[in-house]
Amino acid sequence: MDPMKAQQLAAELEVEMMADMYNRMTNACHRKCVPPHYKEAELSKGEAVCLDRCVAKYLELHERLGRKLTELSVQDEELMKRAAVGSASG
């Protein structure tokens, strides 16, 4: 595959994944923090604080998972390289 095309595909996939994460976060935090029957047009102080905390936790968890997955991916690559070197010399 052409490197430019692969890079464009990766960028499109990243945008799609971020949009999915945003939609999931929005739905989860809305369900958790905003009652299904609106009493007022504006968010109450408690709802706003709940949403703020929910979003912060969601983004923190997303970042931590991303770091862990990257770490695991790097470990996998190292194991694959060692296995390839081991089988080539064996």
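No experiment lies behind these values; they were computed from the predicted model shown.
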Task: CG on D52 to CG on L43, rounded to 0.5 Å - done: 11.5 Å

Task: Sequence-distant partners of E71, side chain to side chain contact (heavy atoms under 4.5 Å, CB included), two or more places apart - done: K68, Q75

Report all side-chain donor-acceptor pairs from residues 1-16 shorter than 3.5 Å, counting only partners two or more places apart or in another chain.
| residue | atom | partner | partner atom | Å |
| --- | --- | --- | --- | --- |
| D2 | OD1 | M4 | N | 3.4 |
| Q8 | NE2 | E12 | OE2 | 3.2 |

- [ ] Using modelled atom types only, decide if a donor and an acceptor are shared between the side chain of S73 and the backbone of L69 within a distance under 3.5 Å.
- [x] no

Task: Linked hydrophobic residues, L61 as query - side chain contacts closer than 4.5 Å - done: L65

Open item on the list: Please tell me whether C29 and C54 are bridged, where bridged means their SG atoms are separated by under 2.5 Å.
Closed with: yes

Open item on the list: According to side-chain hydrogen bond (donor to acceptor under 3.5 Å, both in side chains), who are the partners of R82, at least two apart in sequence or on a separate chain?
Closed with: none

Open item on the list: Using 0.5 Å steps for rounding, measure from the CG atom of L51 to the NZ atom of K32.
Closed with: 9.5 Å

Open item on the list: Which residues end up grouped with L79 if you chain together Ile, Leu, Val, Met, Phe, Trp and Tyr wherever their side-chain heavy atoms are less than 4.5 Å apart?
Closed with: none

- [ ] Mind checking the OH-OG1 spacing from Y58 to T26? Nearest 0.5 Å is all I need.
- [x] 9.0 Å

Open item on the list: Nearest 0.5 angstrom please: R53 CZ to E60 CD, how far?
Closed with: 13.5 Å

Open item on the list: Please enumerate all residues that pass side chain to side chain contact (heavy atoms under 4.5 Å, CB included) together with L59, with sequence neighbours excluded.
Closed with: M21, M25, V55

Task: Backbone of A19 reached by a side-chain donor or acceptor of N23 within 3.5 Å - done: yes

Task: E47 to C33 - nearest heavy-atom pair and separation - done: CG-O, 3.4 Å

